[in-house]
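Fair warning: this is a prediction, and the values are worked out from it, not measured in the lab. Numbers here simply count residues along the sequence, with the first being 1. Only heavy atoms go into these numbers, but all of them, side chains included; no hydrogens, no water, no symmetry mates.
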Amino acid sequence: MSINAAISRTKKEETVETVKQQLENCHLLAGIKYKGLTVKQFQDLRKSLPDNVNLIVAKNTLVGKAIEGTPWEALKPCMKGMNAWMFVHTEEIPGAIKPYRNFQKEKKLEDNDFTGAVFEGKFYGPDEFKSLETMPTRAEIYAKLLGSLQSPASALVGTLQAPARDLVMVLKAYVKKLEEENGGAQ
């Protein structure tokens, strides 16, 4: 009996370590209702996910232990029932979540929805996932930022060019006047 307990304890410690490793460079951690998924469905799901997304089945208590004292601790409300844990290692959140949504629709697994997620230290409940799924990509954010910077910049250039032209004209007139004065004095 003590051998089984030791093996069980070692396995639990390994699971906690695995979860902690997955939290490194993780941008989003989400819980997914796991109950009712067959092994085949779970394997297919794993294959459908991008390389930068990992799916792990671990007991809530072990995940809870791994996230204790970290910003991921906000995920505690999800720690009920059977969960699979999605670790997203990219900033492109919608692209990471979409393959699961597609899989969920294709396999008619409406009951296996997200139980919640933590992104940038904030907890998102199942009803708030739309905001994560429609979040703009980094490229879209940069394009909007560049566009908003570009229009004031072109207006600024026009504004700066007008006084510069005026200044050049004034300087030319002054140089001409000085030349005339000096030319006339010689």
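Within a 6.0 Å radius of CG in Asp127, more than 12 heavy atoms belonging to other residues, nucleotides or ligands are found.
The CD atom of Glu179 lies 12.0 Å from the NZ atom of Lys172; values are rounded to the nearest 0.5 Å. Here the CG-CG distance, from Leu45 to Leu49, works out to 5.0 Å after rounding to the nearest 0.5 Å. Within the model, atoms CD1 of Ile93 and CD of Glu120 stand 8.0 Å from one another, a figure rounded to the nearest 0.5 Å. The structure places CG of Asn112 at 10.0 Å from CE of Met82, a figure rounded to the nearest 0.5 Å. Annotation: the span from Glu92 atom CD to Thr90 atom OG1 amounts to 5.0 Å, rounded to 0.5 Å. Here Glu17 contributes atom CD and Glu13 contributes atom CD; the two are 8.5 Å apart, rounded to the nearest 0.5 Å.
Its side chain within the 4.5 Å cluster rule, Val19 clusters with Leu23, Leu29, Ile56, Val63, Ile67, Trp72, Leu75, Met79, Trp85, Phe87, Val118, Phe123 among the Ile, Leu, Val, Met, Phe, Trp and Tyr residues.
Glu73 places a side-chain heavy atom less than 4.5 Å from the side chain of Glu68. The shortest side-chain heavy-atom distance between Val53 and Met86 falls under the 4.5 Å cut-off. Put simply, the side chain of Phe103 reaches to within 4.5 Å of the side chain of Leu109, judged on heavy atoms.
For the residue pair Ala58 and Thr15, the shortest heavy atom distance occurs at CB-CG2, 3.7 Å. In terms of heavy atoms, Ala30 sits closest to Phe129 at CB-CZ, 4.3 Å. Smallest separation of non-hydrogen atoms from Pro50 and Gly95: CG-O, 4.1 Å. Among all heavy-atom pairs drawn from Pro94 and Glu133, the shortest one is CB-O, 3.3 Å.
For the pair Asn83 (side chain) and Cys78 (backbone), a donor-acceptor distance under 3.5 Å is present. With hydrogens and angles disregarded, a donor-acceptor distance shorter than 3.5 Å links the side chain of Thr115 to the backbone of Gly31. Side-chain atoms of Lys80 come within 3.5 Å of backbone atoms of Pro77 as a donor-acceptor pair (strictly under, hydrogens ignored). Listed for the His89 side chain is a donor-acceptor partner under 3.5 Å among the backbone atoms of Gln22. In this structure, Glu24 contributes its side chain and Gln21 its backbone to no donor-acceptor pair below 3.5 Å.
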Could you walk me through whether Leu55 and Phe42 pass the side-chain contact (heavy atoms from CB on, under 4.5 Å) check?
CA-CA 9 Å; Leu55 200 60; Phe42 193 74; 3.5 Å; yes
So Leu28 and Leu132, side-chain contact (heavy atoms from CB on, under 4.5 Å) or not? Walk me through it.
CA-CA 10 Å; Leu28 177 129; Leu132 291 172; 3.9 Å; yes
Carefully, step by step, assess Lys65 and Lys12 under the rule side-chain contact (heavy atoms from CB on, under 4.5 Å).
CA-CA 10 Å; Lys65 199 171 189 172; Lys12 287 177 184 178; over 6 Å; no
Output, in order, the C-alpha distance, side-chain angles, deciding distance and verdict of side-chain contact (heavy atoms from CB on, under 4.5 Å) for Asp44 and Lys107.
CA-CA 10 Å; Asp44 291 346; Lys107 305 286 185 192; 4.0 Å; yes
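Taking the ring-ring contact (aromatic ring centres under 6.0 Å, His included) definition, one finds that Tyr100 meets it with Phe114, sequence neighbours left out.
No path of Ile, Leu, Val, Met, Phe, Trp and Tyr side chains, each step under 4.5 Å between heavy atoms, connects Val57 with Leu62, placing them in separate hydrophobic clusters.
With a 6.0 Å cutoff to the six-membered ring centre and a 45° limit on the axis angle, Lys122 counts as a cation-pi contact of Tyr124.
Using modelled atom types, one finds a donor on one side chain and an acceptor on the other under 3.5 Å when comparing Arg101 with Gln104.
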